[in-house]
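Letters A, B, ... are given to chains in the order of the sequence lines, protein chains preceding strands, and every chain is numbered from 1.
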Amino acid sequence: METGRFGEYGGQYVPETLMNAVHELEEAYAHYKSDPEFNKELEDLLKNYAGRPSLLYYAEKMTKDLGGAKIYLKREDLNHTGSHKINNVLGQVLLAKKMGKTRVIAETGAGQHGVATATAAALMGMECEIFMGKEDTERQALNVFRMELLGAKVHPVTTGTMTLKDAVNEAMREWTSRVEDTLYVLGSVMGPHPFPMIVRDFQSVISKESRRQILEAEGKLPDAVVACVGGGSNAMGSFYEYIKDENVQLIGCEAAGLGVDNPKNAATIANGSVGIFHGMKSLFCQNEYGQIAPVYSISAGLDYPGIGPEHAWLNDTGRATYVPITDEEAVQAFEYLSRTEGIIPAIESAHAIAQVMKIAGQMKKEQIIVATVSGRGDKDVAAIARYRGVEIYE
Amino acid sequence: MSRIRKAFEKGKAFIAFITGGDPDLETSYELIKTMAENGADLIEIGIPFSDPIAEGPVIQEADLRSLSSGTTTDALFDMVVRLRKEIDIPLLFMTYMNPIYVYGTGRFLARCAQAGIDGIIVPDVPFEEKAELAEDCRKNGIDLISMIAPTSQKRIETIAKEAEGFLYCVSSLGVTGVRSEITTDIGSMVKHVKSVTDVPVAVGFGIATPEQAKKMAGLSDGAIVGSAIVKLVAQYGKEAVPYVADYVKSMKAGVMEASS
C-alpha cells in the first residue's frame, strides 16, 4: 500500500497500534471517494447544511483604498459554524459513519475545528470528544461552551505547552486506546497518510468554487491566491485547484507572532527544519536535538509548530510562497477589514488580509487577488480588545 | 548472535526501562547500574522527547523532568560510554524518530555503536516506515526492535518475519502505563509469532507487579517494565536508587518463577 508522499514529505509515522486504523481509513476513503451515493450525500450536506457555495465577494472599498489589484474575498466565514472547518468535517464524519464508527474524536486550537466536529457529530448522531489545550480553552472559553452545547465532551489538555500541538498528542493517545469504534477526525492537512490527502480533498471545494466564480465574474484566473497557514487546511483547499495554473501565484501566510526573529513565533517555513512528528515528515520548529519548540501566535488556530507535508513540498518546489505575518500586522488587518468592508474576520484569516494589504497596492489595477477569509472573527473580539488594552471578557 | 539474542538464552528475561537523565544524569547512571546489578537482563534507556505520543502521563512527566534538567542526546551517549565500563548486559535506546532524524540518523546509529548500544526501539516508526532506520542499523550492527500490538492481527507475520533482537509485544491498547489487568490474549499473539520466527518475544505496557511479570513472562520470553520504575524515580528523585534496586529484585524474582 502506498504511504502518501509529497516529495520526501508525508508518510505514516504512527505507533503499530494505529496502523490497522490508518489502513482501514485509507481503504474506506479509496472506496467512498468514487462512490456516487457518498458524494451525493456529501454534496447535499455542503449545500443544504453548510450553505455552500460560499460567496466570492468583490471587496470594492478595500480595492479602491489600497489602489492596486482587484480584491476578491472567498467567504468561508459565511459557512455554517463560521469557518472552512465544516467542509472537511462533514466529509470525515460522514465517512466515519459509513465505516460503522459510532464515535469521533478531534483536536482543536481556536475551537473552530472542535465546534465543526461537534456540530457534524450532533447532526449525524455520533458520540464526540474534543481535545483542546488548556491555554486555548481559556483563550476561547465561548467555543468550549459551544461544543458542550452541541453535546461534545471537551477535555482540556494540561501537558506540554497546553496548546494545539499538545491537543494533537492527546487525541492520538486517545485514538490508540480506542480504535475499534472511533475515528480521529483530524482538522488539518497534517498527520499520517491518508489524513493530509483526505483533508485536502474535502477542503479543495474552496478552490473548485472560487476558480469557477472568478472565471464567471472576471473571465480570467486570479494573479494571486492568498490564505493563512497553520497546519494549512484552508490554504491547501484554497490553492489546490490552481496548482496546475502556473501563472496563479499561491501565497501562504504564517503566524510570525512577535516577529520571525523573536522566539515567540509560529512561522514554520521561515524558521523550521525537516523533522518527523505527528505522523509525518515535514517542517517543524525545533531545536538542534529535535525537541519540538514551544511556539506562539495571537491566533490559537495558527499556533502550531509544524505544517502539512504538501505545503512543505509546494515550498520546496517553489510552486507556493510562504510569508510571515506578525500579531501586530494581523490585528491591524482585523481592524481594517472590519472598518472597510464591514467584515470581521477570524484573527487567523486576518493574517491573509495583512498580506493582501502589503501586495495589492504594488499590483496593477487589472490584476486580481483572491484571498480566503477562512473564518469569522466573533470568537476573537474579546482577545483583540485585550490586545488593544480594553479589558473585555466573554 | 547479537548480545540481545544471547540475553534471552539464559531463560526468561526481565527488561527494565527508565528515562535517561531523570531526574538528572548522575542519578540515572546510578539507577541503570543498580538495575543491572539487581537482575535486569536488558535495559532500555529512554531518550527524552518533548512530545512522546506513545507514553502515558508517568513517562511524559519523566521526559519533561529530564529535559528540564538539561539532558541532551549527546549527554546520554557519554553516560552510556561510562556505563559500558561497568556493565555488560544489552542496553537499548528507546526514543521517537524526530530526535534521531534531527541528530542525523547515520550519525546517531554510528554513535550508538561506538558507545555500546545494542538496539533501538522507536515506537513511531512502524513496519512500513522501517526504511528510515533499517540500513543505518544494519551498517552499525544495531538491532532495530519491532513492535506488535493487539490490533496487529494479520500484520504479525509480516512484522515477525523481519524481526531482530527481540519482538516487543504491546500488551494492551493505548499508551504506556500501569494497568490493573491485561485482557489481551497474549498467548495466542506469541504463538502466532513463534509460527514464523525464533526471535524471542517480550511483553510490555501495563506490567507493574511480580505476579503480572510472572504471568506475562510465562506466556512469552520476557517482561518489560517501565512506568512502574519511573514512578519510583518520580516519588524518590535522587534518593530512588535503593527503592529501584528492591523493586527490580522483586520483579526479576517474578520472572524467574515463570522460568521454573
Counting heavy-atom pairs under 4.5 Å with chain A, the top scorer among B:E132, B:E55, B:E61 is B:E132

Could you check which of B:K154, B:Q153, B:Q60, B:M147 has the highest count of heavy-atom pairs closer than 4.5 Å to chain A?
B:Q60

With chain A, the option among B:L64, B:L67, B:V125 that has the most non-hydrogen atom pairs under 4.5 Å is B:L67

Should B:E128 and B:R155 be marked as a salt bridge (Lys or Arg N to Asp or Glu O under 4.0 Å) after you check the CA-CA gap, both sets of side-chain angles, and the distance that decides it?
CA-CA 11 Å; B:E128 281 76 355; B:R155 297 168 52 78; 2.7 Å; yes

I'd like to know if A:R5 and B:E129 make a salt bridge, using a cut-off of under 4.0 Å between side-chain N and carboxylate O.
yes

Side chain, backbone, both or neither: which part of B:P57 has a non-hydrogen atom closer than 4.5 Å to chain A?
neither

Greatest number of non-hydrogen atom pairs under 4.5 angstrom with chain B, of A:P192, A:G275, A:G279, falls to A:G275

If you apply the rule side chain to side chain contact (heavy atoms under 4.5 Å, CB included), what do you find for B:V122 with B:D124, and how did you get there?
CA-CA 6 Å; B:V122 191; B:D124 60 348; 3.5 Å; yes

Should B:K139 and B:E135 count as an ion pair when the cut-off is N to O under 4.0 Å?
no

Distance col, row A:Q92:CD vs A:K97:NZ, nearest 0.5 angstrom, shows 16.0 Å

Heaviest contributor of heavy-atom pairs below 4.5 Å to chain B, chosen from A:V274, A:T159, A:N287, is A:V274

Look at A:E288, A:M172, A:K165 and state which one has the largest set of heavy-atom pairs under 4.5 Å with chain B.
A:K165

Identify which part of A:D166 has an atom lying under 4.5 Å from any heavy atom of chain B, answering side chain, backbone, both or neither.
side chain

Flag the one option from B:P99, B:P150, B:S172, B:S146 with the top tally of heavy-atom pairs under 4.5 Å to chain A.
B:P99

Residue B:D63 versus chain A: region with a heavy atom under 4.5 Å
neither

Can we say B:D22 and B:R65 salt-bridge, meaning some charged N sits less than 4.0 Å from an Asp/Glu carboxylate O?
yes

Pick one of side chain, backbone, both or neither for A:V168, based on which atoms fall under 4.5 Å of a heavy atom in chain B.
neither

With only heavy atoms counted, which part of A:Q286 is less than 4.5 Å from chain B, the side chain, the backbone, both or neither?
side chain

Could you point out which residue of A:Y13, A:Y9, A:F284 forms a ring pair (Phe, Tyr, Trp, His ring centres under 6.0 Å) with A:F277?
A:F284

Under the criterion salt bridge (Lys or Arg N to Asp or Glu O under 4.0 Å), I'd like the reasoning laid out for A:R178 against A:E174: C-alpha separation, chi angles, the key distance, then a yes or no.
CA-CA 6 Å; A:R178 199 168 152 186; A:E174 173 61 25; 5.4 Å; no

Highest number of heavy-atom pairs under 4.5 Å with chain A: which of B:I100, B:T72, B:V175, B:I47?
B:T72

With a 4.5 angstrom heavy-atom cut-off, which part of B:F49 approaches chain A: side chain, backbone, both or neither?
both

Ring-ring centroid check B:F77 B:F93, cutoff 6.0 Å:
yes

